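Sequential numbering from 1 along the given sequence is applied to the chain's residues. Here the structure is a predicted model, which means the values were calculated and not measured.
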Amino acid sequence: MNNDRVFQMDFGKVYGLLLDKAGRKGRTKAEVEEVICWLTGYSPAQLEAFRSADLRYGDFFRGAPRLNPNRTLIKGAVCGVRVEEVEDPLMREIRYLDKLIDELAKGKPMEKILRGQEETAMWVCPKCGRSFKNAEQSHYCGEPPATIEEYIAAQPEAAREYLRQVNAAIRASVPEARKKISWSMPTYWKGRNLIQFAAFKRHIGLYPGPEAVEAFAGRLTEYKTSKGTIQLPYNKPLPLELIAEMAKWCEENS
């Protein structure tokens, strides 16, 4: 399923599905609430209020009061994909919850599901308090960027020119799309997110959606791909013409 479709799902509906999944295995609503509250920092009362509110599932995670720093200890596969390897940051948070509910439904003890405080995430940034899988992992530390240009300027120097080229190729291809930052990533939007990109240590992550990746599969054989994601390594020339074509395809097939 397209990530954006997941983000736009109604929270109340998804919450009901999570309760049903755990309930079929004899787990209680209180246990589901404990898991969600541990992960997000919301209270049970807030969860109950959200059930009848017009709240999108993505916004539920975007607005989380305090994402638990020990969530990076959650490992394993959901829908055939390891949660710790999900590149889209927002989808990774959603998959963390999916994994916790899976464990709950499989009868795992609550003290094991809620990664204990005696365990510690590998590294926590001393400036912003965010936790990461790898020590000294590069990230945007501080107030999130407001524009694509600010995002690019905040990245390591070695990545900036690649990001500028990707941005220019997309902008030229879909000039009527709105430029914005969505979940801390450069995004081109036209009624919905058309295409996004982000800098990583060894590659640029391009996010045109699973349908686009499938449509262009024959021309992506030399790149690592997953559902909706393409990795463009820094040690290869950027396929700028292909990036532009994919952006246009996303606009025409939205």
Side-chain angles (χ1 to χ4, degrees), residues 1-119 121 129-133 182-185 192-193 196 207 209-211 226-229:
M1 182 181 290
N2 184 291
N3 286 0
D4 195 52
R5 293 179 184 174
V6 176
F7 303 155
Q8 293 301 319
M9 292 174 69
D10 178 72
F11 169 78
K13 181 177 180 179
V14 177
Y15 184 46
L17 294 173
L18 297 178
L19 290 175
D20 290 344
K21 181 174 184 176
R24 287 195 297 270
K25 299 297 183 178
R27 306 308 290 254
T28 67
K29 179 175 181 287
E31 288 177 314
V32 174
E33 289 177 343
E34 186 177 358
V35 166
I36 298 176
C37 293
W38 176 89
L39 179 64
T40 64
Y42 288 115
S43 69
Q46 287 175 306
L47 298 184
E48 194 60 36
F50 290 154
R51 294 187 71 178
S52 57
D54 183 18
L55 178 65
R56 303 299 96 189
Y57 200 37
D59 291 335
F60 171 77
F61 284 93
R62 291 185 183 103
R66 182 182 180 273
L67 290 166
N68 196 301
N70 271 17
R71 72 195 187 283
T72 56
L73 298 168
I74 302 169
K75 311 291 183 182
V78 173
C79 300
V81 178
R82 296 193 64 83
V83 295
E84 65 270 26
E85 296 176 359
V86 175
E87 287 196 356
D88 185 300
L90 182 55
M91 182 56 73
R92 190 185 313 128
E93 305 299 346
I94 290 173
R95 292 309 186 199
Y96 281 149
L97 180 54
D98 288 340
K99 181 60 178 173
L100 294 179
I101 297 299
D102 277 354
E103 293 177 351
L104 188 66
K106 291 176 180 177
K108 192 171 185 178
M110 188 64 75
E111 62 269 19
K112 296 293 185 180
I113 295 172
L114 309 184
R115 275 60 178 176
Q117 292 305 313
E118 69 277 4
E119 300 179 273
R130 293 169 60 195
S131 57
F132 297 91
K133 177 181 176 182
S182 179
W183 196 242
S184 299
M185 288 193 293
R192 69 174 186 89
N193 289 346
Q196 297 175 287
Y207 306 94
E211 292 87 356
S226 59
K227 192 172 183 180
T229 303

| task | Mark yes or no: Arg192 above the aromatic ring of Phe7, with NZ or CZ under 6.0 Å from the six-membered ring centre and no more than 45 degrees from the axis. | result | no
| Shortest non-hydrogen contact between Tyr15 and Val32, atoms and distance | CE1-CG1, 4.2 Å
| Between CD1 of Ile36 and CD of Gln46, what distance do you get to the nearest 0.5 Å? | 12.0 Å
| task | Would you please test Asp102 and Lys99 for salt bridge (charged side-chain N to carboxylate O under 4.0 Å, His left out) and show each step? | result | CA-CA 5 Å; Asp102 277 354; Lys99 181 60 178 173; 5.7 Å; no
| field | Sub-4.5 Å side-chain heavy-atom contact between Leu90 and Met185 | value | no
| Val35 and Met110: side chain to side chain contact (heavy atoms under 4.5 Å, CB included), yes or no, with the steps? | CA-CA 8 Å; Val35 166; Met110 188 64 75; 3.9 Å; yes
| Does the salt bridge (charged side-chain N to carboxylate O under 4.0 Å, His left out) test come out yes or no for Glu103 and Lys112, once each step is laid out? | CA-CA 9 Å; Glu103 293 177 351; Lys112 296 293 185 180; over 6 Å; no
| Would a distance-only check, ignoring hydrogens and angles, find a side-chain to backbone donor-acceptor pair under 3.5 Å from Arg92 to Val86? | yes
| field | Heavy-atom side-chain proximity of Leu39 to Phe61 below 4.5 angstrom | value | yes
| said: Can you give me the closest heavy-atom contact between Glu34 and Leu114, atom names plus distance? | reply: OE2-CD1, 3.5 Å
| Nearest atoms (heavy-atom pairs only) where Cys37 meets Ser43 | SG-C, 3.6 Å
| query | Leu97 versus Leu18: any side-chain heavy-atom pair under 4.5 Å? | reply | yes
| Only one of Asp98, Ile94, Leu100 clears side chain to side chain contact (heavy atoms under 4.5 Å, CB included) with Val78; which? | Asp98
| note | Residues passing the side-chain contact (heavy atoms from CB on, under 4.5 Å) test with Thr28, sequence neighbours excluded, are Ala30, Glu31
| said: Please give me the minimum heavy-atom distance between Leu104 and Ala22, naming the atom from each residue. | reply: CD2-CB, 3.9 Å
| said: On a heavy-atom basis, which atom in Gly76 and which in Glu84 lie closest, and how many Å separate them? | reply: N-OE1, 3.3 Å
| message | Just so I know, are the side chains of Asn68 and Tyr96 near enough to count as touching, which here means a heavy-atom distance under 4.5 Å? | response | no
| Quick one: CZ on Arg5 to CG on Asn193, what's the gap to the nearest 0.5 Å? | 13.0 Å
| Value rounded to 0.5 Å, distance of CH2 in Trp38 from CZ in Arg66 | 10.0 Å
| request: Please list, chain by chain and in numerical order, all residues satisfying ring-ring contact (aromatic ring centres under 6.0 Å, His included) with Tyr42, sequence neighbours excluded. | output: Phe50, Phe60
| request: Would you indicate whether the side-chain heavy atoms of Met91 and Val81 approach each other to under 4.5 Å? | output: no
| Would you say the side-chain atoms of Arg115 pair up with the backbone N or O of Asn70, donor to acceptor, closer than 3.5 Å? | no
| said: Counting C-beta onward and ignoring hydrogens, is there a side-chain heavy-atom pair between Glu48 and Lys29 closer than 4.5 Å? | reply: yes
| Please walk me through it: do Arg51 and Leu19 pass side chain to side chain contact (heavy atoms under 4.5 Å, CB included)? | CA-CA 12 Å; Arg51 294 187 71 178; Leu19 290 175; 3.8 Å; yes
| request: Look only at the side chain of Lys75 and the backbone of Thr72, and say whether a donor-acceptor pair between them is shorter than 3.5 Å. | output: yes
| task | Just grab all the salt bridge (Lys or Arg N to Asp or Glu O under 4.0 Å) pairs involving residues 35-46, residues at least two apart or on different chains. | result | none
| query | Distance from Ser226 atom OG to Glu85 atom CD, nearest 0.5 Å? | reply | 9.5 Å
